[in-house]
Asker: 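Quick one: structure below, then a few questions.
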Amino acid sequence: MAYDADVIVIGAGLAGLAATAELVDAGRKVILLDQEPEQSLGGQAHWSFGGLFLVNSPEQRRLRIRDSHELAWQDWLGTAGFDRPEDHWPRKWAEAYVDFAAGEKRSWLHRQGVRLFPVVGWAERGGYDATGHGNSVPRFHITWGTGPGLVAPFERRVRAGAARGLVELRFRHRVTGLSRSAGSVDTVSGEILEPSDAERGRPSSREVAGAFELRAQAVIVTSGGIGGNHELVRANWPERLGTPPRRMLSGVPAHVDGKMLGIAEAAGGRIINRDRMWHYTEGIDNWNPIWPLHGIRILSGPSPLWLDARGKRLPVPLFPGFDTLGTLEHIMRSGHDHTWFVLTQKIIEKEFTLSGSEQNPDLTGKSIRDVLGRARSGAPGPVQAFMDHGADFIVERSLTDLVRRMNELTGEPLIAEDALRGEIVARDREIAHPFTKDLQVTAIRGARKYLGDRLIRTAAPHRILDPKAGPLIAVRLNILTRKTLGGLETDLSSRVLADGGAPLPGVYAAGEAAGFGGGGVHGYRSLEGTFLGGCLFSGRTAGRAAARAVS
């Protein structure tokens, strides 16, 4: 039987594009399959903020950030918490990835035209000891052009390959099976879905118009995770994170359903670390949704008071931007699915950014003038739109009215005004002098010692009940599904492993489907900025390895 291509890549997101681009460079013939229409090329990466984890970069050095490979590896180990026998390959992938992030990653991307915003963000600050979770220094580099700017060079390389006759782009091809015909997995079968003009991210038709069967010497699975499948998220929810939420928002489109993972498993691949996942706790209902239950994450500076559903401050160090999963665990043991930010107009103007390419038109559109406009008074345009239209935002001049509307929004009188006022007044007293026992106030002051935070991310400390800083703002925060940290176990050549540890012949995996490398390169937690980079690194590795393997 003749082969239809040298390699079949399943999934046209960032990992799939990176793998295909490498195969093209090696002169291999590729069929790239995706169940969505062509307008969704690039997958979830298109919607991203474009954050990249880099170590000892020129951008860091210009801001006097002293970083090193040794410090980054210390942070990765403290965050990942590798503690299982199946962490063998994830740990090796982590070592390789930190080497990449501290080495050729930036220059490799720069050669392809990727540029970076000059201010480096400080995500996942941890707040524990030196060997615990979190980034010791700012490492979150924002792509100039956000997600679309990062996808673009890989799309160009793939389309150039198509122009040379090396790549066939087959959209609306939904894979339903992987099978063997001569010892290795070499056959991909499935359904051809009817054409769809659905806009990027919106649900497309699932009407079947035909069937297909294709053969190749190798198959690379880059189909993503399970974040759009809430039933599967709850089924894999770990006991350590408490009770699964009754209500969740979706940070990814509905087609991110995990079905291809089951198909690869049925073909003999081993999935590990199913219970490791990464969901955000600062989700808000999108007032202008694209996909079902579409949520947006607030990327906040350190100043908002973070309160549980009953109005009590979250414990140290669960401040905005410090420990995502620690906060999630605390929330899910509270008996409620939501929390609150309480802040001022002065804080929201400087500290609120919304995650996503579409929520940052200045960065996405590469407009220096519009980026400089962030320094003007007033909330950024996308943030103001949520203040005006978002169901989770409450703006009032008095605390009495704010609390009344917070209780109206949830439909329960969970928050007592006197108790909340006491929390805020006590915190405000700590602002009035240079000393404090309030560690959030300490964190705010510490953040402002970093030039990047002082310029664009952290408001000057002030009393929340100061009328001159108002009005007061409350934001209801929801659980937002996002990333699958576990996945298909792979060796350092991205070969999918079967039970027992031997490679599954002919099958490779990359991106979220492979836990961003090895079946869980992050371990239990992420340092942020590592998902897009994980797609690129594992996709590149899979493409190069498959290119070497085929004749």
Side-chain angles (χ1 to χ4, degrees), residues 79-81 83-84 123-128 132-134 225-252 256 258 273-285 293-300 304-342 355 391-392 406-407 409-412 414-415 423 440 474-486 515 520 522-528 531:
T79 295
D83 62 358
R84 298 173 175 176
E124 286 295 301
R125 304 184 189 204
Y128 305 96
H133 167 64
I226 67 172
N229 186 338
H230 289 192
E231 182 178 346
L232 196 52
V233 168
R234 291 191 179 94
N236 290 331
W237 193 272
E239 184 178 345
R240 67 180 177 276
L241 292 181
T243 304
R246 293 180 295 275
R247 178 178 182 268
M248 295 184 285
L249 301 178
S250 288
V252 295
V256 185
N273 298 317
R274 297 175 196 265
D275 63 325
R276 292 179 180 170
M277 51 186 69
W278 187 257
H279 306 306
Y280 292 116
T281 53
E282 312 99 322
I284 50 176
D285 268 303
L293 297 173
H294 188 176
I296 298 293
R297 185 197 179 196
I298 296 172
L299 301 172
S300 176
L305 277 190
W306 203 336
L307 311 172
D308 67 18
R310 295 187 177 275
K312 183 176 176 59
R313 287 178 72 179
L314 301 193
V316 174
L318 305 184
F319 313 133
F322 277 64
D323 182 358
T324 294
L325 290 196
T327 306
L328 178 60
E329 179 181 351
H330 178 80
I331 293 169
M332 298 322 303
R333 297 189 185 282
S334 73
H336 297 275
D337 293 345
H338 72 279
T339 56
W340 293 94
F341 278 164
V342 169
S355 183
D392 295 309
M406 290 167 76
N407 287 330
L409 183 59
T410 61
E412 296 182 84
L414 296 175
I415 298 177
E423 290 270 15
Q440 185 173 9
V475 187
R476 181 179 61 178
L477 306 173
N478 308 274
I479 308 303
L480 178 68
T481 66
R482 188 60 66 87
K483 296 299 181 186
T484 311
L485 297 188
H522 297 95
Y524 287 95
R525 285 182 165 115
S526 166
L527 287 170
E528 286 285 25
F531 299 128

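Model, not experiment: these values are computed from the prediction.
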Asker: Do His522 and Phe531 have ring centres separated by under 6.0 Å?
Answerer: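 Yes; Phe531 has its ring centre under 6.0 Å from that of His522.
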
Asker: If you round to the nearest 0.5 Å, how far is OG1 of Thr484 from CG of Asn229?
Answerer: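 Rounded to the nearest 0.5 Å, the CG-OG1 separation comes to 9.5 Å.
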
Asker: Quick one, Arg125 with Asp323, criterion salt bridge (charged side-chain N to carboxylate O under 4.0 Å, His left out). Give me CA distance, side-chain angles, the key distance, then yes/no.
Answerer: CA-CA 7 Å; Arg125 304 184 189 204; Asp323 182 358; over 6 Å; no

Asker: Do you know the tightest heavy-atom contact between Ser355 and Arg482?
Answerer: OG-NH1, 4.4 Å

Asker: Which residue pairs satisfy the side-chain hydrogen bond (donor to acceptor under 3.5 Å, both in side chains) criterion with at least one member in residues 233-244, sequence neighbours excluded?
Answerer: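 Pairs touching residues 233-244 that pass the test: Arg240-Asp275.
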
Asker: Not counting sequence neighbours, which residues clear salt bridge (charged side-chain N to carboxylate O under 4.0 Å, His left out) with Glu124? List them please.
Answerer: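 None.
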
Asker: Leu249 pairs by side-chain contact (heavy atoms from CB on, under 4.5 Å) with which of Asp285, Ile479, Ile296?
Answerer: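 Result: among Asp285, Ile479, Ile296, Asp285 is the only option passing the side-chain contact (heavy atoms from CB on, under 4.5 Å) with Leu249.
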
Asker: Suppose we screen for side-chain contact (heavy atoms from CB on, under 4.5 Å). Which residues come up paired with Ser250, at least two apart in sequence or across chains?
Answerer: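 Ser250 satisfies side-chain contact (heavy atoms from CB on, under 4.5 Å) with His230, Trp291, Leu293, Thr481 only.
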
Asker: Minimum heavy-atom separation for Arg313 and Leu307, please, with both atom names.
Answerer: CG-CD2, 3.7 Å

Asker: Can you tell me how far the CG atom of Leu409 sits from the CZ atom of Arg476, to the nearest 0.5 Å?
Answerer: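 Reported to 0.5 Å precision, the distance equals 4.0 Å.
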
Asker: Can you find a side-chain donor-acceptor pair between Thr324 and Trp278 that sits under 3.5 Å?
Answerer: no

Asker: Which atom names give the shortest non-hydrogen contact between Arg333 and Gly242, and what distance separates them?
Answerer: NH2-N, 3.7 Å

Asker: Which residues pass the salt bridge (charged side-chain N to carboxylate O under 4.0 Å, His left out) test with Arg276, not counting sequence neighbours?
Answerer: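 Once residues adjacent in sequence are excluded, the partners of Arg276 under the salt bridge (charged side-chain N to carboxylate O under 4.0 Å, His left out) criterion are Asp83, Asp87.
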
Asker: Kindly write out the residues that satisfy side-chain contact (heavy atoms from CB on, under 4.5 Å) with Ser300, not counting sequence neighbours, or none if the list is empty.
Answerer: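 Here the qualifying residues are Ile298, Pro304, Pro320, Phe341, Glu351, Phe352.
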
Asker: Got a sec, which residues hit salt bridge (charged side-chain N to carboxylate O under 4.0 Å, His left out) with Arg246, two or more places apart in sequence or on another chain?
Answerer: none

Asker: Please step through salt bridge (charged side-chain N to carboxylate O under 4.0 Å, His left out) for the pair Arg297 and Glu528, ending with a clear verdict.
Answerer: CA-CA 13 Å; Arg297 185 197 179 196; Glu528 286 285 25; 3.2 Å; yes

Asker: Testing the basics here: between Trp340 and Met406, what is the closest heavy-atom pair and its distance to 0.1 Å?
Answerer: CD2-CE, 3.5 Å

